[in-house]
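Here the structure is laid out as structure tokens; the discussion comes afterwards.
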Amino acid sequence: MALVEIRDVHKTFGKVEVLKGVSLDVEEGEIVTIIGRSGSGKSTLLRCINALESVDSGEIRVEGERVHAKMPDLKKFRQRVGIVFQAFNLFPHLKVERNITLAPLLTGRTEKAKARALAEDVLTRVGLADKIDAWPEQLSGGQQQRVAIARCLAMAPHLMLFDEVTSALDPELVGEVLKVMEAMAKQGMTMILVTHEMGFARNVADRIVFMHQGRVWEQGPPAKLFANPKTPELASFIASAK
Ligand SMILES: Nc1ncnc2c1ncn2[C@@H]1O[C@H](COP(=O)(O)OP(=O)(O)OP(=O)(O)O)[C@@H](O)[C@H]1O
Ligand SMILES: [Mg+2]
């Protein structure tokens, strides 16, 4: 059984069919990168996997469990499936430690006496142990994004979704965030990432999924896909991304 099973998923907003029958499996430990033009449905697909949107037809299963917005243990489900977005969504009025420990404390994942140690642990994993007492505004964009990733890690998710987490960063800060994600990949985290960072996709992903007009247009291992695009749509996307 794949960790994520997506079967013939359709999703319409108003009159626009954004996902037109998407099927995709992601195995445990696999790093899958989704690429494609603006509006091709990449973010919508990620949001459906995390039950932030419900699908109109077809189904999504994570660890065998059917995902939908009204699932009875939605909170528990979201602990297992972390998502990080483009915009930094740290709470500005809370220090780094509290940003990280809030959810684990609320959900009972950790007890008060162990919360700081948990924050230290996940901050160490993103290289920011020394920022535990900082306010978000005292951090660079790249550091804030790494705290956002650490906050996800604190819930010990089984799957992580990343939606263009480096797109809002100044170019010189992109590398440090990609490095953290690469380290997570090496540690065996199952990850689905939407990214415009073709170098990262090429070097780190096990598989690349090219979405076009709401469909999985082409997919395969990066070396093969980039060297031999089978469709003119992917060929022109690769050319324009260079
Ligand atoms: N909540 C919504 N309500 C209405 N339309 C939406 C909604 N979310 C997405 N759409 C539309 O669905 C289409 C696909 O959007 P989506 O955000 O999934 O694309 P994307 O591939 O992530 O694009 P980008 O690369 O620009 O982020 C777009 O036409 C968008 O306007
Ligand atoms: Mg998007």
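One-based numbering, in listed order, for ligands and for the atoms of each.
- Less than 4.0 angstrom separates atom 29 (O) of ligand 1 from none of the non-hydrogen atoms of the protein.
- In this structure, R37 is part of the shell of residues with a heavy atom less than 4.0 angstrom from ligand 1.
- Geometrically, ligand 1 and V18 share no nitrogen or oxygen pair separated by less than 3.5 Å.
- At the top of the distance list for atom 17 (O) of ligand 1, counting protein heavy atoms only, stands S43 CB, 3.6 Å.
- Atom 23 (O) of ligand 1 has its closest protein heavy atom at G39 N, 2.8 Å.
- Residue contacts with ligand 1: E164 is included, with a non-hydrogen atom under 4.0 Å away.
- In terms of protein heavy-atom proximity, atom 3 (N) of ligand 1 is nearest to F13 CD2, 3.5 Å.
- For K179, the NZ atom is loosely surrounded, since the number of other residues' heavy atoms within 6.0 Å does not exceed 12.
- The distance from atom NE2 of H158 to atom CD of E28, rounded to the nearest 0.5 Å, is 9.0 Å.
- Side-chain contact of S23 with D8: a donor-acceptor pair under 3.5 Å is absent, judged by distance alone.
- Taking a distance limit of 4.0 Å, we find that atom 26 (O) of ligand 1 is approached by some protein heavy atom.
- Ring-plane geometry between H212 and F210 is classed as parallel, the angle between the planes falling under 30 degrees on a 0 to 90 degree scale with a further cut at 60.
- The heavy atom nearest to atom 16 (P) of ligand 1, considering only I34, T44, V16, is found in T44.
- Between the side chains of S57 and R7, no donor-acceptor pair of N or O atoms lies under 3.5 Å.
- For the pair D206 (side chain) and I31 (backbone), a donor-acceptor distance under 3.5 Å is present.
- Distance check for S43 against the Mg ion (ligand 2): an N/O/S atom falls below 2.8 Å.
- The heavy atom nearest to atom 21 (O) of ligand 1, considering only H212, K42, K11, E17, is found in K42.
- In this structure, CD in E197 is found 11.0 Å from OG1 in T33, a value given to the nearest 0.5 Å.
- Heavy-atom distances between G36 and ligand 1 stay at or above 4.0 Å for every pair.
- The neighbour count for E65 CD, taken as heavy atoms of other residues, nucleotides or ligands under 6.0 Å away, is above 12.
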